[in-house]
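Report on one structure; see the data block that follows.
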Amino acid sequence: MPPAEPDLQALVARIHDELAPRFGAGKVADYIPPLAHVDPRKFAIAVVTPEGETFAAGDADEPFSIQSVSKVFTLTLALGRLGDRVWDRVGREPSGDPFNSIVQLEHEQGRPRNPFINAGAITVADMVLAGHTPREAIGEILRFVRFLADDEDIAIDQAVARAEHETGDRNFALAHFMHGFGRLTNPVAHVLGVYFHHCAIAMTARQLARAGLFLAAGGRDPLTGARVVAPARARRLNALMLTCGHYDGSGEFAFKVGLPGKSGVGGGILAVAPGRAAIAVWSPGLNAVGNSLLGSEALELLAARAGWSIFGG
Ligand code: GLN
């Protein structure tokens, strides 16, 4: 049996120190200058428990681009608005393909495999946009993230949003393709405006772990008492993060870490240890499938040593 109450501060500090000689490992996303210029040696880990304790090491108070981690929050919003009708337009199966792949989309007539690949998240952005202007939808997403993190001090990095737009050919291709199949209800430019802006939200590891705490606590924010989603929905969000949260690296992440998690190309990962903690890590260097290399290793060490894998042991 793992220790009932691991000394979490000592644990995160030790993981930081053990990985420190390899800080900078992996390949930083370079498709936009604001990400290419991030110091690759940055590293952060933050653990927030349902009791409200936070344990952190490294650059845990430095904001980074959360990128695709934001897809968890937009999906939560879309489910709140549409309920199970979300699943009429997006699937729940792992893709086994890169996050920006277009091949599967043609076979499946423009219905994305899951809400976390780009095509799925673009469809979710279309749902959040319905009935709003892009500016209103972006504002709603940002307010929701601030509410989850209980922190008004979270912002969108406008330089990142602009750069996403300028280099967004593949996302435009995906969106036009889906629009061609009649799968998007709003103009492509508006939908991608929402998508690029939520990818450009900047948060610290501490804020990100705090924002994910509801997923570790049955859908309720244990610190404010706010009910964010029903327990069944939290469980299902966790299931989707486990099966689809790391794209074609999801199997490997489940095998090695054993926690629901969502990665972003900024090098952040939000992971959930149900009942125990929400965890955020940040290390900009990515592995071959676009997930944080050292971030994944930090979570592997943490889950193993704290005994938090959902598969036991
Ligand atoms: N903004 C990135 C993109 O659309 C997000 C991808 C990611 O974080 N995996 O390509």
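Start at 1 and go down the list; that is how both ligands and their atoms are numbered.
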_Heavy atom of the protein closest to atom 6 (C) of ligand 1 (residue, atom name, distance)_ = S68 OG, 3.1 Å

*Verify the ring-centre separation between F43 and H16: is it less than 6.0 angstrom?*
yes

_Out of all atoms in ligand 1, which are within 4.0 Å of some heavy atom of G264? Include the element for each._
8 (O)

*Would you check the N or O atoms of S263, main chain and side chain alike, for any that come under 3.5 Å of an N or O of ligand 1?*
no

*Can you list the atoms of ligand 1 that are under 4.0 Å from a heavy atom of N171?*
3 (C), 4 (O), 10 (O)

_Heavy-atom nearest neighbour in the protein, as seen from atom 10 (O) of ligand 1, with distance rounded to 0.1 Å_ = N118 ND2, 3.2 Å

*Pick from D151, D153, D150: which one makes a side-chain hydrogen bond (donor to acceptor under 3.5 Å, both in side chains) with Q207?*
D151

_I'd like to check H246 versus K262 (side-chain heavy atoms, cut-off strictly below 4.5 Å). Are they in contact?_
no

*Y31 neighbourhood, listing ligand 1 atoms whose heavy-atom distance to it stays under 4.0 Å*: 1 (N), 2 (C)

*asked:* Below 4.0 Å, non-hydrogen atoms only: which portion of Y247 touches ligand 1? Side chain, backbone, both or neither.
replied: side chain

*asked:* Check this for me: E106, atom CD, are more than 12 non-hydrogen atoms of other residues, nucleotides or ligands nearer than 6.0 Å?
replied: no

*Between the main-chain N or O of E93 and the side-chain N or O of N114, is there a donor-acceptor pair closer than 3.5 Å?*
yes

*Is the closest N or O pair between Y195 and ligand 1 shorter than 3.5 Å?*
yes

_Any donor-acceptor pair under 3.5 Å from S70 side chain to I66 backbone_ = no

*Is it the side chain (CB and beyond), the backbone, both or neither of N100 that lies under 4.0 Å from ligand 1, heavy atoms counted?*
neither

*Looking at Q67, which atoms of ligand 1 are within less than 4.0 Å of one of its heavy atoms?*
1 (N), 2 (C), 5 (C), 8 (O)

*Counting each atom of ligand 1 from 1 as listed, which ones have a heavy atom of C199 under 4.0 Å away?*
1 (N)

*Which of the atoms in ligand 1, numbered in the order shown and given with their element, are less than 4.0 Å from a heavy-atom of E164?*
1 (N), 2 (C)

*For atom CZ of R135, decide whether the heavy atoms of other residues, nucleotides or ligands shown that lie under 6.0 angstrom number more than 12.*
no

*With no hydrogens and no angle check, do the side chains of N118 and Y195 hold a donor and an acceptor under 3.5 Å apart?*
yes

*What distance do I156 atom CD1 and C199 atom SG have between them, rounded to the nearest 0.5 Å?*
10.5 Å

*Indicate, as side chain, backbone, both or neither, the part of R170 found under 4.0 angstrom from ligand 1 when only non-hydrogen atoms are considered.*
neither

_Would V265 count as a polar contact of ligand 1, with the cut-off being nitrogen or oxygen pairs under 3.5 Å?_
yes

